Protein chains: 2
Amino acid sequence: MDTRHMQYFLALAETLHFGRAAARMNMSQPPFSRQIAAIEKSLGVKLFERNSRNVALTPAGKHFLEDCRRVLAGFEAACRDVRLVASGMKGELRLAFMMHAAHGVVPSLVRRYAKSRPDIRLILEERIPTDIDEQLIEGRLDAAVTFGLVHAPHLRTALLARDRLQLIAPAGHPLARRDRVGPRDLQGERLIAAPASVAPTLRSAIGIYCATGGTVPDFVFEPRLQHTIIRLVAEGLGIGLIPQSLCTDLGDGIISRPLEDAPEFDVVLCAPVAAKNPAVSHLFEVAQGRE
Amino acid sequence: MDTRHMQYFLALAETLHFGRAAARMNMSQPPFSRQIAAIEKSLGVKLFERNSRNVALTPAGKHFLEDCRRVLAGFEAACRDVRLVASGMKGELRLAFMMHAAHGVVPSLVRRYAKSRPDIRLILEERIPTDIDEQLIEGRLDAAVTFGLVHAPHLRTALLARDRLQLIAPAGHPLARRDRVGPRDLQGERLIAAPASVAPTLRSAIGIYCATGGTVPDFVFEPRLQHTIIRLVAEGLGIGLIPQSLCTDLGDGIISRPLEDAPEFDVVLCAPVAAKNPAVSHLFEVAQGRE
DNA sequence: CCATTCAATACCCTCAAAGTACCAATCGAT
DNA sequence: ATCGATTGGTACTTTGAGGGTATTGAATGG
């Protein structure tokens, strides 16, 4: 038994006529009759009551007819769907993003993608930047929204937005009264920033920025989440340099100020150049506004 | 593509090793490799990333794997179920019964049958006796509970119960006071009975019973339903001779009395001797208490 | 650098299944 | 009753899908 035999059975069950059923299967009647007999023999079940004038389904045949229709429909759907998956029209896409991207570009990107690829199930996962790199290589992620990396030959990237560092400080802090703040002004301040192991791009940008003013940064806390930095600054435990995109709705007791010559960095969509998931390429098209 | 190809795919997707997958399919590795290549070609989709050391599923392959499991499970279930239907363990059974049988033997018969054949869907239909005969022959019914027929060579029967006619009369009727009633006592009474076209067995039993006393019956109403007879008798419009099994809970204003030498008749399970539905034979076993 | 492992290729062979021809049974019309 | 038309079954031939064996080529580890 296989699906071809089921199709033979289906043809006969629907026409109840060996000659016409054989014609529908593009074959002559004798081999068709033999196939029907072979099906009944292999199942050990009589599916048709027949004589030289009439063909009728047995009760078992009636039941089998319904099952065959279901099975064949599932079979054809599977063969059709695998092509859709291969062409990127259907399937899954695992997209990670670092937390601050969630406030900016990710929602719109996801909305536009889901609209043009409704049969792709988007699996969104929040990750810290270092995990993202690692998991992209391992193939546990298909794509990610993260900081632009200087050297990433194995990654394809598309610029989504540019962001820059901005100062946040407790409301009563001396720097909070200044219009602009430069690297020199950070000397002696208690800094709060994520550790290099979590956010290397931000951390090194802060380090380099301080160095341009000859300042040696004094990191007093190193939380993993940018939101934690904001909370600690609001409590008066220090100041922070965080992406501008996170400076909306900071809450009471905390202010933000632009930095002179603020370090900028790219927020990019990236995926392995040899992405196996065909759904990825269309994500890049959406990211680059080509759809 | 057919189910065998899906099984090849499944074997490789689960082992990720051509040699072992081929062994699982009881064949050697080279033709197995060719089959996998043929599957990919016919679908137009790469299902595996492979080199001489590693085999891995593509995203399309992963999706196809799940679909194949579903399809193959359905396929095997269909082949298994058709055998169950043919053996009478699964499927449908259309059982008709005349109305008064519903009060007696049908509920217990159905309960016992459903217990030992839980996968048979019982389709119960109430019919008047003449319709039952007709539809049994046409094959629109598999079996029926009805009166025992004197000549029915095309029907297989099993005795379920014996019933007898009993008199019902309005509470104030002269016959209501008598302990026993014979055929002679019916002379001149207004009789209510179903017409011969609806219940030939009952009707002819009444006729013969009257004849044994030399009585000419006077049928004043001929409703189709035994319950209607009871209602009309309760209204004082006449007397009736109905199956004893219907004489429980007659309600106020109506009494029943046994008849002398009451006509008896069999209540039987019957089905065409050449029953196509294999679920029928076990119904007879249940009816005859052999289960 | 060699041995080993594993998938792919080359070539052959077999049998499942299709085709052709014919037969048997049934029904309707003459 | 008989003949022809229709329909399913059987006998025999043929073909190609798919299996087997031997071998190659690429990758890995000692």
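Quick note: numbers below take in every heavy atom, side chains included, and nothing from hydrogens, waters or symmetry partners. In this text, all values refer to a predicted model and were calculated from it rather than measured experimentally. Chain letters run A, B, ... following the sequence lines, proteins first and then strands; every chain starts at 1.
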Point to revise | Rounded distance in Å - CD (B:Glu49) to P (C:dA7) | key: 15 Å
Practice item. Run the salt-bridge test on B:Arg50 and B:Glu40 with the 4.0 Å N-O cut-off and return the result as yes or no. Key: yes
Revision key, fill the gap. In whole angstroms, the gap separating P of C:dA7 from CG of B:Leu47 amounts to 16 Å
Check your understanding: Of the nucleotides C:dA7, C:dA17, D:dG9, which one has an atom closest to the side chain of A:Gln35?
Key -> C:dA17
Exercise for review: Can you check each nucleotide of nucleotides 21-30 of chain D against protein heavy atoms at under 4.0 Å and return B for base, S for sugar-phosphate only, - for none, in 5' to 3' order?
Suggested key: BB--BBBS--
Check your understanding: Between B:Ile36 (CD1) and D:dG19 (C1'), how many Å, whole number?
Key -> 15 Å
Revision key, fill the gap. B:Met27 atom CE is separated from D:dA17 atom P, nearest whole Å, by 15 Å
Check your understanding: Between D:dG8, C:dA7, D:dG20, which nucleotide gets closest to the side-chain atoms of A:Val55?
Key -> D:dG8
Point to revise | Between D:dT7 (P) and A:Phe32 (CZ): distance, integer Å | key: 14 Å
Exercise for review: Would you indicate what A:Tyr8 reaches in the nucleic acid, counting non-hydrogen atoms under 4.0 angstrom: base, sugar-phosphate, or nothing?
Suggested key: sugar-phosphate
**Study point:** Short N-O contact, B:Arg121 and B:Glu92, less than 4.0 angstrom
**Key:** yes
Study note, to complete from the structure: Atom CZ of A:Arg4 and atom P of D:dA17 are separated, to the nearest Å, by 12 Å
Check your understanding: Counting only side-chain N and O atoms of B:Arg50, is one of them less than 4.0 Å from OP1 or OP2 of C:dA8?
Key -> yes
Review point. CG of A:Asp2 versus C1' of C:dA16: gap in Å, rounded?
Key: 11 Å
Point to revise | Nearest-angstrom distance from the residue atom CG of A:Leu16 to C1' of D:dT6 | key: 16 Å
Review point. Can any side-chain N or O of A:His5 pair as donor or acceptor with the backbone N or O of A:Asp2 at less than 3.5 Å?
Key: yes
Check your understanding: Going by atom types only, do B:Thr130 and B:Glu134 share a side-chain donor-acceptor pair under 3.5 Å?
Key -> no
Practice item. Report yes if at least one side-chain N or O of A:His17 is closer than 4.0 Å to OP1 or OP2 of D:dT6; otherwise report no. Key: no
Check your understanding: Do the charged groups of B:Arg140 and B:Glu125 touch, with an N to O distance under 4.0 Å?
Key -> no
Review point. Would one find a side-chain N or O of B:Arg20 under 4.0 angstrom from OP1 or OP2 of C:dT5?
Key: no
Exercise for review: Indicate the ring-plane relationship of B:Tyr113 and B:His282, choosing parallel, tilted or perpendicular according to the 30° and 60° boundaries.
Suggested key: tilted
Point to revise | Salt-bridge criterion met for B:Arg69 and B:Glu14 (N-O under 4.0 Å) | key: yes
